[in-house]
Amino acid sequence: MDAMEVVAVIILVLAIAILVYYYLLNSPATMDKLRNYVPTSADAHMNRVLNNNSDYDLSKEEPDESESGSVSKRIKVKLSDIDMSSLNTDAFSHKIDTFLDAKSEELIKDWSLATTDDLEELENKFSKTTESVDDLEKSFNEFKKTSEEFQKSTQDKLNDLDSRISALEK
């Protein structure tokens, strides 16, 4: 695969992953099922192994004053704070479609894609080529016939000359 094709495949996979992610976030029943399967502690069985009954939970965060100024704390946003009602997969798909429509000519040119017009042009060229090949084949067959006739008449003349020469030599 070409590098551009690999990039296109990666972009499509990422878009699908994002759509699945937003679908999971927007459907509470699915998220509840997912939370049942995925443990919230660092290791689901570590508490039993260490006989430690501490309830360290990854979903719980104890604020640490030294980390409060860190970049990760400033960037981190709880998903519950985000209004998910405005995120819609249909709107996201519509935005992707409008982007592709706006940039389609540029994408076709950059990625050397074929369009239906290109295919029709190729079909026309192919039909003209096959007609030309058929015409050439007919011309060749006619030339072959006339060439065979010419060879026969030339051979007859040579045979006649040979017979006359041999008659003169005797």
Side-chain angles (χ1 to χ4, degrees), residues 1-40 44 58 71-72 75-170:
M1 286 191 343
D2 197 10
M4 293 301 288
E5 291 172 344
V6 171
V7 170
V9 169
I10 290 172
I11 289 171
L12 287 174
V13 168
L14 286 174
I16 290 170
I18 289 170
L19 288 173
V20 168
Y21 174 74
Y22 282 119
Y23 170 76
L24 290 175
L25 287 177
N26 286 328
S27 59
T30 308
M31 284 303 289
D32 290 338
K33 288 180 185 178
L34 186 63
R35 285 186 187 118
N36 289 338
Y37 291 118
V38 178
T40 56
L58 289 179
V71 176
S72 64
I75 294 175
K76 191 170 187 176
V77 176
K78 291 183 181 179
L79 292 176
S80 61
D81 295 341
I82 299 174
D83 180 25
M84 298 306 284
S85 63
S86 65
L87 298 175
N88 188 354
T89 55
D90 292 334
F92 186 68
S93 297
H94 180 68
K95 287 180 182 179
I96 289 175
D97 289 340
T98 55
F99 172 77
L100 289 177
D101 289 341
K103 300 291 182 173
S104 64
E105 293 297 323
E106 192 174 317
L107 289 173
I108 289 169
K109 184 179 177 185
D110 290 346
W111 292 356
S112 301
L113 299 175
T115 61
T116 53
D117 295 334
D118 295 334
L119 292 176
E120 289 173 359
E121 183 180 328
L122 284 174
E123 287 174 352
N124 290 337
K125 287 182 180 180
F126 179 74
S127 64
K128 287 180 183 177
T129 304
T130 54
E131 289 173 6
S132 297
V133 168
D134 290 341
D135 292 341
L136 284 173
E137 187 175 7
K138 287 177 185 175
S139 297
F140 175 73
N141 289 336
E142 289 175 10
F143 172 76
K144 191 175 176 182
K145 274 185 185 177
T146 58
S147 174
E148 288 172 357
E149 292 172 3
F150 178 74
Q151 287 175 355
K152 285 180 186 176
S153 66
T154 305
Q155 190 64 37
D156 290 342
K157 289 179 183 177
L158 286 174
N159 290 340
D160 185 44
L161 285 174
D162 283 340
S163 63
R164 285 172 59 195
I165 290 173
S166 58
L168 286 173
E169 290 178 349
K170 291 183 185 179

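All heavy atoms count here, side chains included; hydrogens, waters and symmetry mates do not.
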Side-chain donor-acceptor contact under 3.5 Å, D101 with S104: no

Nearest atoms (heavy-atom pairs only) where D160 meets S163: O-OG, 2.7 Å

Heavy-atom donor-acceptor pair, E106 side chain to K103 backbone, under 3.5 Å: no

N/O donor-acceptor pair under 3.5 Å between D156 side chain and S153 backbone: no

To the nearest 0.5 Å, tell me how far [X] [atom1] sits from [Y] [atom2].
X	Y	atom1	atom2	answer
T115	K109	OG1	NZ	14.0 Å
I96	L19	CD1	CG	6.0 Å
I11	I16	CD1	CD1	12.5 Å

Salt bridge (charged side-chain N to carboxylate O under 4.0 Å, His left out) contacts in which one or both residues fall within residues 123-149, not counting sequence neighbours: E121-K125

Candidate pair L161 and R164, rule side-chain contact (heavy atoms from CB on, under 4.5 Å), full reasoning: CA-CA 5 Å; L161 285 174; R164 285 172 59 195; 4.3 Å; yes

